[in-house]
Amino acid sequence: MSSNVISVKTSNMETNIYYSLSGNGEETLVIIPGSIGASDIEFSYLIQDVPDHLRIVTFHLRGLGRSKPPQTRECPLDFYYKDADDCAAIMESLGFEKYSVLGFCDGGVSAMILAAKYPTRVQKLILLATRSYNTEKELAILNQLKNVESDFDPKVLKDYVKVYGDIVTVQQCFTSYLNTHSILLRNAQGLCQSELSKIQSPTLILHGENDPITPVIHAHYQRENIPRSQLYIIPGGHHFIQHQFPDKFVKFLQAYLLQDTVIRWETI
């Protein structure tokens, strides 16, 4: 795995983005992380042993993790769109004209925007534990995690501290994220619903049946509104499916990306 910092310019604003490139296969996958995550940490199992014929790009969103400056992320109301443009700029700077995209949790919102806005670039779209809209219910679930030290899963928090350096910075970034979602809901401003019908790439929606953070109803909404989409509900699956079932997840992903096959989870 090679890691570096790349300077990208979107919306007349230049920023440094920390990224990693793993594997040397002919099929390229870029992973957009969740809320305040870093995709090399959230998918560490996958990039430690990249399947043959696959090449994976992971990165830290602007103002998060090692993508500095800014020192801490301020979430503007259009941050999902900015993250989508950043991802497109990263891949263009790295010389990738066509690629598949995996969006995890909030990263899936930006992944849908990316696929809708750049249809000729995105070959396949994978949505993992992804939300599509906000209601009071969704915001209440997020607010149950508002104190990162006491409410986050200890392993997840430990991973975040590795890239942020301290809990205080993790808390600042997550609080900013929650505040933005409160404003979006108050303004009745959607996340990306208007983009779903514009998505042209084949789309796989992967969701745990017992996801406590992103209710499975979001996966059904995506299936109903994204053309050429397939929905697969993981039996017994929670939010971090890639941590809960690492071996199965890698094999499932590999079959879809390299063989265009959705294999039965129970047979893996």
Side-chain angles (χ1 to χ4, degrees), residues 10-11 13 15 31-39 41-42 59-65 67 70-87 102-117 127-153 156-157 159-160 163-164 167-196 205 207-208 211-222 225-226 238-240:
T10 57
S11 303
M13 182 180 296
T15 188
I31 302 177
I32 305 180
S35 59
I36 61 166
S39 48
I41 297 296
E42 292 173 339
F59 66 100
H60 299 184
L61 300 169
R62 73 164 63 203
L64 295 179
S67 290
Q71 192 60 30
T72 57
R73 178 176 173 94
E74 296 295 332
C75 287
L77 297 182
D78 61 346
F79 75 93
Y80 287 121
Y81 285 81
K82 291 182 183 299
D83 290 342
D85 286 338
D86 280 350
C87 184
L102 189 161
F104 171 60
C105 191
D106 283 89
V109 178
S110 295
M112 289 186 280
I113 294 168
L114 176 65
K117 190 171 182 179
L127 303 175
L128 176 61
T130 294
R131 71 182 70 254
S132 307
Y133 52 82
N134 261 348
T135 66
E136 292 287 353
K137 179 180 179 180
E138 276 71 30
L139 188 59
I141 292 172
L142 291 177
N143 276 314
Q144 290 176 4
L145 303 170
K146 63 182 179 181
N147 187 323
V148 300
E149 189 166 10
S150 61
D151 301 334
F152 271 36
D153 178 279
V156 173
L157 180 59
D159 286 342
Y160 287 166
V163 295
Y164 281 92
I167 290 179
V168 172
T169 306
V170 177
Q171 183 67 68
Q172 288 175 340
C173 291
F174 193 65
T175 297
S176 176
Y177 163 82
L178 290 178
N179 290 341
T180 295
H181 272 280
S182 295
I183 297 171
L184 287 171
L185 183 59
R186 190 164 62 243
N187 293 352
Q189 185 172 336
L191 302 185
C192 66
Q193 295 96 311
S194 62
E195 309 296 343
L196 272 59
I205 303 157
H207 213 103
D211 189 332
I213 297 176
T214 308
V216 72
I217 190 173
H218 285 268
H220 291 285
Y221 179 87
Q222 291 153 16
N225 289 278
I226 299 176
H238 297 157
H239 190 64
F240 288 89

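Start at 1 with the first residue, then count along the sequence. These values consider heavy atoms only, across backbone and side chains, with no hydrogens, waters or symmetry-generated copies.
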Quick one: do V216 and D211 satisfy side chain to side chain contact (heavy atoms under 4.5 Å, CB included)? Show the steps, please.
-> CA-CA 7 Å; V216 72; D211 189 332; 5.9 Å; no
Sequence neighbours left out, what passes side-chain contact (heavy atoms from CB on, under 4.5 Å) with L157? Give chain and number order.
-> V148, F152, V161, I167, V170
Q193 side chain to L191 main-chain N or O, any donor-acceptor pair under 3.5 Å?
-> yes
Decide if atom CG of L77 counts as having more than 12 heavy atoms of other residues, nucleotides or ligands within a radius under 6.0 Å.
-> yes
Over all atoms of both residues, closest heavy-atom pair of L127 and A111 | CD2-CB, 4.4 Å
Kindly indicate whether the side chain of R186, heavy atoms from C-beta on, has any atom under 4.5 Å from the side chain of I183.
-> yes
Contact summary for G63 and C173, nearest pair of heavy atoms = O-SG, 4.3 Å
Residue pair I113 / A84: nearest heavy atoms and the distance that separates them = CG2-CB, 3.8 Å
Non-hydrogen side-chain atoms of D86 and L61 separated by less than 4.5 Å | no
Whether T15 side chain and R62 backbone form a donor-acceptor pair below 3.5 Å = no
Rounding to 0.5 Å, atoms OG1 (T175) and CG (N147) come to a distance of 8.5 Å
Test item: R131 and L142 side chains (from C-beta on) under 4.5 Å apart, heavy atoms | yes
Are H239 and P212 close enough that some pair of their side-chain heavy atoms sits under 4.5 Å apart?
-> yes
Between the side chain of S110 and the main-chain N/O of D83, is any donor-acceptor distance below 3.5 Å?
-> no
Nearest non-hydrogen partners of C105 and G34, listed with the distance | CB-CA, 4.2 Å
Does F240 have any ring-ring contact (aromatic ring centres under 6.0 Å, His included) partners at least two apart in sequence or in another chain, and if so, which?
-> F104, H243
Without swapping roles, check the side chain of T180 against the backbone of P76 for a donor-acceptor pair under 3.5 Å.
-> no
For the atom pair NE2 (H218) and CD1 (I213), what is the distance rounded to the nearest 0.5 Å?
-> 12.0 Å
Candidate pair V109 and F79, rule side chain to side chain contact (heavy atoms under 4.5 Å, CB included), full reasoning | CA-CA 10 Å; V109 178; F79 75 93; over 6 Å; no
Side chain to side chain, V168 and Q172, heavy atoms closer than 4.5 Å = yes
Among all residues two or more places apart in sequence or in another chain, which pass the side-chain contact (heavy atoms from CB on, under 4.5 Å) test with S182?
-> L139
Donor + acceptor pair across side chains of E195, Y81 (<3.5 Å) = yes
Does the side chain of I205 reach to within under 4.5 Å of the side chain of T130, using non-hydrogen atoms?
-> no
So how far is it from I32 CD1 to F59 CZ, rounded to the nearest 0.5 Å?
-> 5.0 Å
Student check: side-chain heavy atoms of I226 and M112 closer than 4.5 Å | yes
Heavy-atom side-chain contact between H207 and T214 under 4.5 Å | yes
side-chain hydrogen bond (donor to acceptor under 3.5 Å, both in side chains) partners for D106, two or more places apart | Y80, Y177
Can you list the residues that meet the side-chain contact (heavy atoms from CB on, under 4.5 Å) rule with D153, with sequence neighbours excluded?
-> K155, V156
What pairs with S132 under side-chain hydrogen bond (donor to acceptor under 3.5 Å, both in side chains), at least two apart in sequence or on another chain?
-> Q222
Got a second to check how far L185's CG is from T135's OG1, nearest 0.5 Å?
-> 7.0 Å
Roughly how far apart are N187 CG and N134 CG, rounded to 0.5 Å?
-> 11.5 Å
